[in-house]
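Written out below as structure tokens is the structure these notes cover.
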Amino acid sequence: MRLVTWNINSVRLREALVLRLIDEIAPDVICLQETKVADAQFPVAAFAERGYTHTAIRGMKSYNGVAILSRLPLTGIGTRDWVGKADCRHVYATLPNGVELHNFYIPSGGDVPDPATNPKFDHKLRFVDEMTEWWPKTRSADHPMVAVGDFNIAPLEHDVWSHKQLLDVVSHTPIEVEKLTAMQASLGWVDVARTFVPADEKLYSWWSYRARDWRVSDRGRRLDHIWVTPALAGGLSGHVTLRDARGWGPKPSDHVPVIVDLAA
DNA sequence: ATGGTAGCGTAGCTA
């Protein structure tokens with residue numbers, strides 16, 4: 001089973017790029033974040049034509065929004081509100097092989113890495129804390145699960161272009177990394193990309209729009225993740241973080257797809 | 001230290 005996650009930064013604007021991804025990698029399941037569209041306006045038709053007739057969509061006008069598009073039937077579709085906000089950051093479903101798939105868009109957290117003065121950063125930390133408590137309370141570590149999405153945190157030193165220069169930049173601060181690591185430990189989640197790419201090798205999934213030339217400056221961060229529970233870890237057969245997609249025109253997303261192949 | 005770009009929707013918020 002091939003699964004892909006991509007922060008698309010408006011699914012209506014970049015519908016053609018999702019179709020290109022479908023043509024190039026033929027995923028069974030597509031998880032999108034920042035779809036930025038209410039469910040009634042989601043462009044389901046073009047994806048259904050390509051065979052992605054099973055959907056779990058949770059979106060709102062203008063902001064956030066997550067979606068699962070699948071060639072395989074989905075059951076047990078659900079969504080959850082986090083930190084008391086109905087802001088469309090989580091949708092989940094179960095695949096025919098029994099794998100429960102969770103698609104998240106964790107809050108970005110604003111600019112100032114201080115929860116006392118920046119409510120967005122406080123929201124982000126609470127969001128991750130709530131996930132950490134929720135997993136073991138509602139799910140078992142031996143249940144086959146995949147958790148994907150834009151986690152907006154780059155946990156490892158080589159998940160950012162400069163560990164030292166990003167220590168006080170939201171996405172790589174010690175408190176965020178600590179909380180993400182705690183969440184990972186809650187069920188023993190396995191970080192798929194890092195089982196294929198050694199931890200001492202740079203790996204990014206996001207490059208800012210603000211750089212003059214993202215390729216030349218290459219100041220990226222690995223914000224997008226695929227995690228699996230230990231039950232699935234033995235069946236991982238491939239991973240790609242699709243750097244090329246950062247250059248897909250005419251208007252690329254600032255994130256690139258992360259792809260996994262699972263034995264299940 | 002600052003400003004740089006992008007999407008939504010048409011001002012200003014969010015990233």
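So you know, we letter chains A, B, ... as the sequences are listed, proteins then strands, and number each from 1. Values in this document were obtained by computation on a predicted structure and should not be read as measured data.
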Original post:
Closer than 4.0 Å, any side-chain N/O of A:K251 to the OP1 or OP2 of B:dT5?
Top reply: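 The answer is no; no side-chain N or O of A:K251 sits under 4.0 Å from OP1 or OP2.
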**OP:** Report yes if at least one side-chain N or O of A:S62 is closer than 4.0 Å to OP1 or OP2 of B:dG9; otherwise report no.
**Re:**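 It does, given that an N or O in the side chain of A:S62 lies less than 4.0 Å from OP1 or OP2 of B:dG9.
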Within this structure, what is the [atom1]-to-[atom2] distance between [X] and [N], rounded to whole angstrom?
X: A:R210; N: B:dA6; atom1: CZ; atom2: P; result: 11 Å
X: A:D111; N: B:dT2; atom1: CG; atom2: P; result: 12 Å
X: A:E34; N: B:dC8; atom1: CD; atom2: P; result: 10 Å
X: A:D168; N: B:dT2; atom1: CG; atom2: P; result: 14 Å
X: A:Q33; N: B:dT14; atom1: CD; atom2: C1'; result: 16 Å
X: A:K36; N: B:dC13; atom1: NZ; atom2: P; result: 15 Å
X: A:K61; N: B:dA11; atom1: NZ; atom2: C1'; result: 13 Å
X: A:I8; N: B:dA15; atom1: CD1; atom2: P; result: 18 Å

Original post:
Looking for any heavy atom pair under 4.0 Å, which part of the strands does A:R14 touch: base, sugar-phosphate only, or nothing?
Top reply: sugar-phosphate
**OP:** Mind checking A:R89 for me? I need base, sugar-phosphate or nothing, with any heavy atom below 4.0 Å counting as a touch.
**Re:** sugar-phosphate
Could you work out the separation of [N] and [M] based on their [atom1] atoms and round it to a whole Å?
N: B:dG9; M: B:dA15; atom1: P; result: 15 Å
N: B:dG3; M: B:dG7; atom1: P; result: 22 Å
N: B:dT14; M: B:dT10; atom1: P; result: 16 Å

Pair [X] + [Y], salt bridge at N-O below 4.0 Å:
X: A:D159; Y: A:R194; result: yes
X: A:D218; Y: A:K202; result: no
X: A:D87; Y: A:R89; result: yes
X: A:K179; Y: A:D129; result: yes
X: A:D28; Y: A:R2; result: no

Original post:
Among B:dG9, B:dA15, B:dG7, which is the nearest nucleotide to the side chain of A:S10?
Top reply: B:dG7
Original post:
Can you tell which of B:dA15, B:dC8, B:dC13 lies closest to the side chain of A:K120?
Top reply: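 It is B:dA15.
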**OP:** Look at the side chain of A:Y63 and the base of B:dC8, then say whether one donor and one acceptor between them are separated by less than 3.5 Å.
**Re:**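 Answer is no: no donor-acceptor pair is held.
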Original post:
Of A:P252 and A:G109, whose closest DNA chain B nucleotide lies nearer the 5' terminus?
Top reply: A:P252
Original post:
Does A:N7 or A:V11 map to a spot on DNA chain B nearer the 5' end, using the closest nucleotide for each?
Top reply: A:V11
